[in-house]
Amino acid sequence: MSVVRAAESLLALSQQEELEDLPKDYSLSPSEDEGDIDGERKHQKLLEAISSLDGKNRWKLAERSEASLKVSEFNVTSEGSGEKLVLSDLLGPVKTSSSLATVKKQLNRVKSKKTVELPLNKEEVERIHREVAFNKTSQALSKWDPIVLKNRQAEQLVFPLKKEQSAFAPIEHVLSGWKARTPLEQEVFNLLHKNKQPVTDPLLTPVEKASLKAMSLEEAKMRRAELQRARALQSYYEARARREKKIKSKKYHKVLKKGKARKALREFEKLRKANPTAALEELENIEKARMMERMSLKHQNSGKWAKSKAIMAKYDLEARQAMQEQLARNKELTQKLQVASDSEEEEDGAEGEGELVPDAVNEIQMDANGPNPWMLRNHLRGTKEAKVQDPKKLPEPVAHEASESEKEERPGAEEEILLNEFEERRSLRKKSGLNQDTELVSRQEPKDSSSQEVLSELRALSQKLNRENQQSGKQNMSSTRTVPSVQREEPAEVEEEPLLLQRPERAHTVEELEELGKEECFQNKEVPRPTGEGQQSERNPNNQPGTPKEKKRKEEMIDLQNLLTTKSPSVKSLAVPTTVEELEDEEERDQKRIIKEAFAGDDVIRDFLKEKREAVEASKPKDVDLTLPGWGEWGGMGLKPSAKKRRRFLIKTPEGPPRKDKNLPNVIINEKRNVHAAAHQVRERETLCCLALLLEKNILVLCGQEGYVILTTESKLFSFSLTGSEMNNSRSILAF
Amino acid sequence: MKVKMLSRNPDNYVRETKLDLQRVPRNYDPTLHPFEVPREYIRALNATKLERVFAKPFLASLDGHRDGVNCLAKHPKSLATVLSGACDGEVRIWNLTKRKCIRTIQAHEGFVRGICTRFCGTSFFTVGDDKTVKQWKMDGPGYGEEEEPLHTILGKTVYTGIDHHWKEAVFATCGQQVDIWDEQRTSPICSMTWGFDSISSVKFNPIETFLLGSCASDRNIVLYDMRQATPLKKVILDMRTNTICWNPMEAFIFTAANEDYNLYTFDMRALDTPVMVHMDHVSAVLDVDYSPTGKEFVSASFDKSIRIFPVDKSRSREVYHTKRMQHVICVKWTSDSKYIMCGSDEMNIRLWKANASEKLGVLTSREKAAKDYNQKLKEKFQHHPHIKRIARHRHLPKSIYSQIQEQRIMKEARRRKYDLGHLILSQYPFLTSPLSSPEINKNQPSEGIVYVPLYSRDVFEYCHEGEAVII
């Protein structure tokens with residue numbers, strides 16, 4: 001069926017082609033065959049004729065207006081489907097047969113397979129090879145870039161660039177091919193052999209070896225370091241002793257002595273535990289000392305000083321303290337030595353003390369001590385200690401009873417405090433002395449130290465102040481701690497603090513000393529800060545009123561300049577009518593405004609004027625002052641030669657001819673230019689290329705022996721030192 | 001009565017030995033020495049003058065050849081030894097310190113086209129017009145022995161140049177093609193060719209030793225890679241390049257001596273424009289050699305002069321000539337960078353100082369110091385017109401001078417005529433492409449070949465420089 005159909009359609013197509021050649025008036029549509037109105041047909045014809053006039057053969061599609069069984073095979077259209085009708089569609093079977101599908105696939109496969117391309121011709125292959133090889137080599141060459149760049153930028157190159165290490169030939173090798181020939185050499189070798197000097201390998205005699213082994217380098221170094229440290233410590237102690245010896249303060253010495261005594265006591269205590277026999281001897285010594293002291297009658301309170309203090313004690317806190325001290329001392333001395341202590345006796349002692357001291361003193365003291373927590377604390381501590389200490393083991397009249405311990409301990413604590421103060425003061429002084437000229441901050445320190453001294457003196461005067469100061473001191477010491485915690489911890493710390501601050505005992509090593517120094521620095525640094533800030537704040541108020549003034553002055557100057565700028569350029573000639581002038585002025589003003597807007601940031605005119613003024617100033621001949629101070633009159637610091645003399649020796653240079661640009665406000669004419677010198681001056685082009693400023697600087701720097709510039713010349717660039725071995729591979733050297 | 005006296009420490013004014021300079025106490029305050037700088041200036045001036053006064057670069061002439069010297073070679077191990085080949089096929093070995101010929105070999109019939117030494121310095125190779133490559137021992141034959149080459153290779157074509165590898169037992173010859181030879185074999189390991197014209201010179205790169213450069217008479221420079229056995233790239237210049245020389249310190253830089261009176265320094269990675277065009281010669285440049293420092297090179301020209309160029313300058317710093325020196329065919333810079341040798345047409349080898357006014361021999365420390373000081377002064381005041389003028393002054397023979405003038409006029413005329421503003425290429429046949437823009441060069445049809453129209457660049461550069469030559 002389908003085959004038949006296809007044949008038919010093919011036939012139809014061929015017929016269609018034939019029909020196209022027919023004249024146009026030959027109608028083909030079936031509707032026309034039926035025959036309508038003649039007029040219509042004629043009209044249709046006409047239209048067709050007209051349309052055929054444009055010369056193109058148009059295939060007019062036939063329309064089917066009504067249904068009919070007979071459909072012409074000549075007018076198959078694909079209208080409506082929107083696609084073109086292709087021949088293969090017509091040829092293809094209506095149903096796809098499965099048997100053909102495989103064949104189709106095979107056909108497709110064959111179609112998709114491409115033929116193998118022809119190989120590139122030789123030239124192209126070569127070109128590609130070349131391209132690849134070139135890229136590779138240029139990449140390989142790029143590894144030299146940094147080296148080349150470095151060499152190019154280097155100020156000077158010394159060749160050969162890579163110096164060969166001179167090879168070390170072991171002495172055996174050298175000696176093996178060498179024999180002593182001359183008599184001198186033989187003699188030398190004989191000597192060497194006699195002394196058992198090994199000629200080769202170790203090159204050391206046994207004795208030398210032994211001596212080398214005796215002390216290794218490390219050991220020697222250590223020993224040396226130790227010695228150094230010892231020396232440093234010694235010098236430190238010496239310096240300290242010298243310093244302390246110089247101190248004139250009686251109080252200090254007194255306190256020191258007491259401290260020493262206490263220390264001795266403590267040591268004795270230790271000794272007693274460790275070595276009883278030695279302790280006994282020591283005890284005897286102490287006893288002797290006590291006796292001597294007692295013999296001196298210094299502490300009888302009968303001296304002039306004691307009496308005056310007794311009077312003063314009522315009003316003066318210090319005097320009262322001294323009094324009490326004295327009494328305590330007296331008591332201590334007058335006490336009988338007992339191995340076992342008796343509470344009664346102690347009470348007696350207390351009574352005795354009460355007898356010795358005037359009542360008034362104690363009364364006021366009580367008043368003073370009442371609100372003083374410092375004293376309370378001492379009380380507490382005294383009691384504590386009393387509880388802790390074993391009464392039976394104390395041979396000394398050291399505190400047992402509360403009152404006595406108070407008397408005893410308080411001055412002790414006090415003296416320690418005082419000692420610390422002294423220490424602090426000294427360290428501060430030392431610090432200030434050291435740092436006076438090094439740092440700006442440390443300049444404040446003398447002031448600080450002096451203030452601290454004042455403070456410490458005040459401390460000594462009033463205990464209240466003392467306490468406050470201590471608190472502040474601690475705050476300084478432990479700045480990280482919060483204030484309340486410090487206050488809370490205070491009692492506990494005070495117990496340990498004196499021990500901690502015994503510096504000479506602690507600073508055994510250099511490191512420790514350093515640490516101490518650091519601490520001191522830390523302390524000192526913290527103190528001056530507020531003062532520094534204060535100074536700054538002081539400066540600022542100084543500056544702040546200053547700056548407005550300066551500004552004002554500047555503003556005034558600027559105003560003057562502005563006046564100048566506005567006035568000077570318009571040199572008016574009288575001939576010009578005023579109205580025109582005004583107009584011109586307006587124009588000028590406009591221009592100026594525009595220019596000013598353009599150069600809003602930088603005032604060109606003013607700059608120029610300034611430059612000109614400077615130039616004028618510079619070109620003015622200067623007076624020569626030949627006055628010599630001290631000739632014919634007194635001279636020295638702060639003395640100036642008299643006006644008369646100055647007048648006499650001042651040589652006024654005559655005013656030169658007026659400047660050429662005097663009347664040219666917009667021009668600076670350099671009158672200094674010397675035609676003869678111009679020949680030697682660097683031309684502008686060169687200066688441009690090598691930066692005029694740099695050039696000038698370079699020229700001002702001398703490069704000979706007169707100057708102090710180290711010579712680096714290019715002559716080294718070409719200096720070659722090719723020795724024999726280097727020459728051996730000079731080629732390779734030169735190629736890196 | 002106590003008398004106070006002035007007392008001074010003798011250390012301050014007494015010198016330690018008689019040889020020391022007298023100590024002069026001096027105040028360094030510059031206001032007290034207003035004439036310091038002028039004094040230095042005068043010193044610099046004097047130094048410059050003296051430099052010119054003592055600029056006598058010519059040291060010696062080695063005569064003995066019976067024809068023009070065609071090629072020179074340095075000995076790699078001995079500074080004093082130089083080898084030269086003449087146009088009559090004679091090779092001579094010279095001792096520079098004695099300034100004498102120590103050995104003469106009749107190596108070839110016809111020209112000795114090329115000569116090169118082995119890197120170890122034990123033997124050397126020559127090529128000649130008789131189509132042979134010969135290897136010779138550096139030491140002369142023993143008593144009774146005949147002067148014979150170690151090896152002789154008979155080739156099919158004329159070899160025009162030879163160079164030895166810097167590290168291996170390999171050498172390269174050029175002629176119809178570039179051949180790489182193993183010393184032990186009689187046939188080349190590989191031959192590389194690109195184009196058909198005869199190749200006039202081949203040079204191994206001293207750093208990247210597998211690289212070769214050659215120049216042929218079809219105006220091109222071709223670079224080869226020995227390992228890959230391929231040419232890499234070709235540069236075509238406007239005129240023939242006579243020889244090239246690699247920079248011994250910079251692996252990718254080489255300089256080509258061209259027939260158009262100029263030398264072109266190329267970076268081999270970017271060949272479309274030369275790094276620098278060195279122009280001062282007034283005739284074809286025949287040979288070029290780098291100083292071992294890689295900072296300068298010397299060129300020999302047909303205009304009977306040799307010139308020294310700094311690598312980064314387009315103008316020469318020095319020109320050497322003598323009355324009797326004819327066309328200079330070959331030139332070498334010695335390995336100690338102090339001397340220059342040139343062989344010329346009139347059978348002589350001349351020895352020059354690389355630094356014209358350098359004092360030879362051992363210098364005392366004070367002499368050295370003075371030299372350094374003067375050098376520094378000259379450097380410092382180099383821009384001052386008087387000093388510059390003196391330092392720049394060179395004497396030239398009249399012929400060269402007039403040629404320079406002539407060429408200057410020609411250049412000026414060219415510039416005027418082909419003013420860059422309205423330059424239409426098609427009107428001017430000698431300008432084959434627009435002036436020196438690398439973009440356009442890249443569009444050249446054949447890959448791997450760079451066409452560098454240098455003649456036009458010459459015009460271009462001239463215009464931009466704006467000022468004419470020195471001297």
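Model, not experiment: these values are computed from the prediction. Every chain is numbered from 1, with letters handed out A, B, ... down the list of sequences.
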Quick one: are [X] and [Y] in side-chain contact, heavy atoms under 4.5 Å?
X        : Y        : result
A:Thr137 : B:Leu211 : yes
A:Lys143 : B:Glu208 : yes
A:Glu126 : B:Thr230 : no
B:Ile207 : A:Leu141 : no
B:Gln228 : A:Phe134 : no
B:Leu232 : A:Arg130 : no

Over 12 foreign heavy atoms within 6.0 Å of CZ, A:Arg646: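 Above 12, so yes.
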With the threshold set at 4.0 Å, does a side-chain nitrogen-carboxylate oxygen contact exist between B:Arg269 and A:Asp145?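 Answer for the salt bridge query: yes.
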Reported CE-to-CG distance for the pair B:Met249 and A:Leu157, which is rounded to 0.5 angstrom: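 It comes to 6.5 Å.
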B:Phe252 side, atom CZ; A:Ser138 side, atom OG - distance, nearest 0.5 Å: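 Separation between the atoms: 11.5 Å.
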Which pair of non-hydrogen atoms, one from B:Pro292 and one from A:Phe159, has the smallest distance, and what is that distance?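 Closest approach of B:Pro292 to A:Phe159, heavy atoms only: O-CE2, 4.5 Å.
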With sequence neighbours excluded, tell me which residues meet salt bridge (Lys or Arg N to Asp or Glu O under 4.0 Å) with A:Glu117.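 Checked A:Glu117 against salt bridge (Lys or Arg N to Asp or Glu O under 4.0 Å); zero matches.
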Checking A:Glu614 now: which residues fulfil side chain to side chain contact (heavy atoms under 4.5 Å, CB included) with it, not counting sequence neighbours?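 Residues passing side chain to side chain contact (heavy atoms under 4.5 Å, CB included) with A:Glu614: A:Lys610.
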Measure distances from B:Ile253 to the heavy atoms of chain A and classify the residue's part below 4.5 Å as side chain, backbone, both or neither.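 For B:Ile253, side-chain heavy atoms alone lie under 4.5 Å from chain A.
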Chain B contact via A:Asn135 - which portion, at a heavy-atom distance below 4.5 Å: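 Neither part, no heavy atoms under 4.5 Å.
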